[in-house]
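In what follows, a structure is listed as structure tokens, so that the remarks can point back to it.
The chain is numbered in sequence order, starting from 1.
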Amino acid sequence: MPLLEVHDLHVRYGGVIAVRGIDLSVDEGRVEVVLGANGAGKTSTLRAICGQLRQSQGHVRWADSDISTWPSFKVARAGLVLVPEGRRVFAPLSVYENLLLGGTRTSRRPDAPSSSSRCSRCSRSWASAASSLRGSEWRRAADAGLRAGHDGRAQVIADGRAVDGLSPAMVERIMDAIGDIAKTGIGILMVEQNAMAALEVAESAIVLERGHIVLSGTADEIRTHPDVVKAFLGDKATAG
């Protein structure tokens, strides 16, 4: 039985429909990836699932509960944790405090997340404000936050654009972390622009275009689909 089920999800911004009829599910121990060009509706889908946007139509089910109208804090406490894209840390707080927040699911004060020891370059500046991080250090902190969400016993982790702008070595490191977390039984729903990297760790995927699902299938099916190869690797990848 899926941990998370989304049925007929629609999201509006005023008169503009950003997401149209999305169906997806996330099972225990599996990675589902959402692909698409900028503006395809990926981030809106993720935010609506996590309660940060109110859907205009459709249902989001978590275990046996319909969480479609739950506020985001209640969704997070239930175990559906969002790792935001880009530089979305709490800038005035220290790096260490950001990591603590990543592992917090209840009002009980958390212990220091064990994930923090795996982010050595961040740990050297734990006491510094998160706004002082430079370059890929932002994403290292988010990577540690993802691991902290795992340490906090999340059941599904929703991760937004995990590897944007990172070196190949960092891409590999973060994708390995995502795969390792999934192997512990955590479900992961990942929005990602680096399609080929994401499909290496995913079991299944959907591709969005203008808010619609235009392709869905196993990671292998999506990875070798000519439209996906052309869209994410360019015309040269399909030549010959």
Report task. Check step by step if side chain to side chain contact (heavy atoms under 4.5 Å, CB included) holds for L215 and E209. Result -> CA-CA 9 Å; L215 285 173; E209 184 177 309; over 6 Å; no
Query raised in the report: Given I22 and I213, is the side chain to side chain contact (heavy atoms under 4.5 Å, CB included) satisfied, shown in steps?
Result: CA-CA 7 Å; I22 299 296; I213 295 177; 3.6 Å; yes
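To the nearest 0.5 angstrom, T218 atom OG1 is 9.5 Å from L199 atom CG. One distance of note links CE of M175 with CG of D180; it measures 13.0 Å at 0.5 Å rounding. Between atom CZ of residue R20 and atom NE2 of residue H212 there is a gap of 4.5 Å, rounded to the nearest 0.5 Å. How far CG of D8 is from CG of D23: 6.5 Å, rounded to the nearest 0.5 Å.
Panel note: side chain R47, backbone C50; no donor-acceptor pair is recorded below 3.5 Å. Although no hydrogens or angles enter the test, the distance criterion places no donor-acceptor pair under 3.5 Å between the side chain of E5 and the main chain of S25. Put simply, the side chain of K42 gets close to the backbone of A37: a donor and an acceptor are under 3.5 Å apart. Formation of a donor-acceptor pair under 3.5 Å by the H225 side chain with backbone atoms of D227 is found in this model.
Here the closest heavy-atom approach between residue I49 and residue L9 is recorded as CG1-CD2, 4.4 Å. Contact record, I178 with M190: CD1-SD, 3.5 Å, taken as the closest heavy-atom pair. Of all heavy-atom pairs between P2 and D27, the closest is CA-OD1, 3.1 Å. Here the shortest heavy-atom pairing between S44 and V11 reads O-CG2, 4.3 Å.
Side-chain atoms of S204 and E32 form a donor-acceptor pair, as typed in the model, at a separation below 3.5 Å. Under 3.5 Å, the side chains of S68 and D66 contain a donor-acceptor pair of N or O atoms.
At least one side-chain heavy atom of V60 sits less than 4.5 Å from a side-chain heavy atom of I67. With contacts defined as side-chain heavy-atom distances shorter than 4.5 Å, the pair E200/E172 does not qualify. Within the 4.5 Å cutoff, the side chain of N38 has heavy atoms near those of the Q193 side chain. Looking at heavy atoms from C-beta onward, V34 lies out of side-chain contact with L46 at the 4.5 angstrom threshold.
Under the 4.5 Å side-chain heavy-atom criterion for Ile, Leu, Val, Met, Phe, Trp and Tyr, I17 and L53 are members of distinct hydrophobic clusters.
Partner of L208 under the side-chain contact (heavy atoms from CB on, under 4.5 Å) criterion, out of L35, T45, V19: T45 alone.
Within 6.0 Å of atom CZ in R54, more than 12 heavy atoms from other residues, nucleotides or ligands are found, so the atom counts as buried in its surroundings.
Residues R223 and D220 are paired through a salt bridge, judged by an N-O separation under 4.0 Å between the basic side chain and the carboxylate.
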